[in-house]
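These notes are about the structure you will find just below.
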Amino acid sequence: MSEVLIKNLKKVYDGGVTAVHDVNLHIADKEFIVLVGPSGCGKSTTLRMVAGLEEISGGELYIDGKLCNDVEPKDRDIAMVFQSYALYPHMTVYDNMAFALKLKKVPKDEIDKKVREVAEILDITQYLERKPKALSGGQRQRVAIGRAMVRDPKVFLMDEPLSNLDAKLRNQMRAEIIKLRQRINTTFMYVTHDQTEAMTLGDRIVIMKDGFVNQIGTPEEVFDKPVNLFVAGFIGMPVMNFFDGCKLLKEGDTYYAQIRNAKFKLDEFQQKALKQNGQQPCDIVAGIRPQHISVGSGELEATIEVNEMLGSEVNLHARSDKDEVVMVIPTVDLKTDVSMGAKVKFTTQPRLIQLFDKATGNNLVWYDKESADACAPVCKNYSF
Amino acid sequence: MNQTANQASAVALGRKSLGQRMKDNWQLYALLLIPVVLTVVYKYIPMYGIQIAFRDFRASQGYLGSEWVWFKWFERFFTAPTFGRMIKNTILLSLYGLLWSFPIPIILSLCINQLRFNRYKRVVQTVLYAPHFISTMVICGMLRIFLSPSGGLINLLFGTSIDFLTQSSAFRTIYIASGIWQDAGWGCIIYLATLSNVDTSLYEAAKVDGASVFQRIMNVDVPALLPMAILNLIMSAGSLMNVGFEKVWLLQTDLNKATSDVIAVYVYQQGIENAKYSYSTAVGLFNTAINLILLFVVNKIASKTSDVDFV
């Protein structure tokens, strides 16, 4: 068992700046959790508080049931992989990996066995006698991971470990981490600003902004059921299209979303959710993912400004009134003229429209006030 | 044909010829001209005068008119009755100086680097730097007062009345200890600058690995300082025979000459006081040649024992 429980964790710096506000998070044993958000959102600070590298200003941190607020990093049974690898430059790869075990006074033959075993897993045996400066970025990152692995930690902490790698190597290492996770099967806490990394690696994702957790959920949940405008805009590539000046209408018992002059009758689950919430008609921002748009027919119209052919799909950047609209259309579905300057009709399925309250930015269907008030916001779990 | 080929290959490699680079960056080369001219005028042209070490120089006959005597002055120096004593004193004073003054700035910088309160850190640094700005003349005057047998601070502290400057056995300690007091703070600036560049994640990684403060110093700080320390060691070795003339001369008394008689003072006495220009030049040249050899030897040893090679 190596679960992490974070209760109302807070970080206030000397100048009074609050970097992390009341974070609540329960990371289950062997779960891979990813903290994601833009720079300065508090994700690294949260991770560093778990590691013991930052003092906790408020709240409680439990690792494996033990209160760890004032426990030294070495006694928390955690291992950390840093963005800059943090390999000791004067030591060989072998010594870097063996360092923590030497400090623990583990017998030499045991250290040797462990280091070679991990080196074998990470395919770095041939580099054991080299110094870090003689390694490439990817190899250094493997060594940094290996150094953490030899300790058999309860919790594996990773602070943007792939940020220093080029795009190709990053993809490769991402796949390596997925494989590694299956092999070592321990609890992971991973920080990144890259939503692709978050989506591909995490069992659950914690999306943070300005020190607040905005949503905690599985990759599918944060993609399909974003609780607010920020999450909707942050997750997904290309970014979700937002249509301002829209309205939520109610005619009798039926809800409609009005986008420009088009009126969409909402899907059954949306109707039920809005009814359950007692939602009144209001001004909304409608969100539609670029992948959820189809062109050729429909109630909405746009003028193509840029056409990016990517082979299997085409990215269209168009203008619809004041809004810029991005559409991702599979090439096989393309039956209309999408050359630059062409006018196209487009539409979407009503169930794929996200409805955000213009005043609060919260999703009218998925925002769960109760969990948000408890500082552990998740999407609403309806039982219709 | 060859020139054309070279130019073509330079172009192919995207490189410009030296002339072209100078033309493109003439402002930078103009700035470079000043130090180059100063070096040539003050460092290289005077080397022309070295020849008087091999001549019986007479001012009236000039450099070229003076008679060649080859190694006469060197032989005289090597057979001088004080030769052994001067060499021994020079080497011992330098070696002891190196032994004590070399590690202290490193230790000091490691300690200062551990201070967490920045304001206190700055005060400590300023207090340590301050003696460096006192001139040698004033330092020696202060030392004479501190060490005075009648009311000197040291004698007052120990309740004695010893005239330390007349004790030849005390000279090296006085010379080296005062040198450390004056320059250790200044010497640690470069080490502190090096430490400030150490990636903080290394300390954090060591913390997570379970290293104590001392282990972090030994495994992160010390290796980071090593290249700079080796460079300083090589530089110090290159001037091992150059014991500062001024301070020795100012602290020298007839009674401590057994340990304070060094080559630098001897060169001054022979050259300036006795006007034996050829002889003092020969002694100075010998000194420089030894320094040059030491510089290469230490660099060779340093490059073999570590990854650092500066010369």
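Chain identifiers are assigned alphabetically (A, B, ...) following the order of the sequence lines, protein sequences preceding nucleic acid strands; residue numbering begins at 1 within each chain. From a predicted model like this one, the values you see are computed outputs, not experimental measurements.
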Above 12 or not: heavy atoms from other molecules or residues under 6.0 Å from CH2 of B/Trp100?
no

Neighbour count above 12 (heavy atom, 6.0 Å) for A/Lys102 NZ:
yes

Tell me whether B/Phe133 at atom CZ has more than 12 heavy atoms from other residues, nucleotides or ligands lying less than 6.0 Å away.
yes

Does A/Met80 reach the side chain of B/Glu204, with side-chain heavy atoms less than 4.5 Å apart?
no

Heavy-atom contact with chain B under 4.5 Å, split by part of A/Tyr88:
both

So do A/Arg151 and B/Val208 actually touch side chain to side chain, heavy atoms under 4.5 Å?
yes

Closest heavy-atom pair, A/Leu103 versus B/Gly210, reported as atoms and distance to 0.1 Å, is CD1-C, 3.7 Å

Tell me whether the count of non-hydrogen atoms from other residues, nucleotides or ligands lying under 6.0 Å of OH in B/Tyr120 goes above 12.
no

Give, for atom CG of B/Asp209 and atom CZ of A/Arg147, the distance between the pair rounded to the nearest 0.5 Å.
5.5 Å

Within 6.0 Å of CD1 in A/Ile56, more than 12 heavy atoms from elsewhere:
yes

Between B/Ala206 and chain A, with a heavy-atom cut-off of 4.5 Å, which part of the residue counts as in contact: side chain, backbone, both or neither?
both

Part of A/Ala144 within contact of chain B (heavy atom distance under 4.5 Å):
neither

So which residue, B/Asp199, B/Asn219, B/Val220, ends up with the most heavy-atom pairs under 4.5 Å with chain A?
B/Asn219

Below 4.5 Å from any heavy atom of chain B, which atoms of A/Leu87 appear? Answer side chain, backbone, both or neither.
backbone

Considering residues, nucleotides and ligands other than A/Glu120, do more than 12 of their heavy atoms fall under 6.0 Å from its CD?
no

Answer with side chain, backbone, both or neither: which region of A/Arg76 has an atom nearer than 4.5 Å to a non-hydrogen atom of chain B?
neither

Other residues, nucleotides, ligands: >12 heavy atoms within 6.0 Å of A/Glu55 CD
no

Sort A/Pro153 into side chain, backbone, both or neither according to what part of it lies under 4.5 angstrom from a heavy atom of chain B.
neither

Counting only heavy atoms not in A/Lys10, do more than 12 fall under 6.0 Å of its NZ?
no

Heavy-atom cut-off 4.5 Å, strictly under: side chain, backbone, both or neither for A/Ile78 against chain B?
both

Report the option among A/Pro73, A/Ala86, A/Gly52 that has the most heavy-atom pairs separated by less than 4.5 Å from atoms of chain B.
A/Ala86

Under a 4.5 Å cut-off applied to non-hydrogen side-chain atoms, are B/Val222 and A/His90 in contact?
no

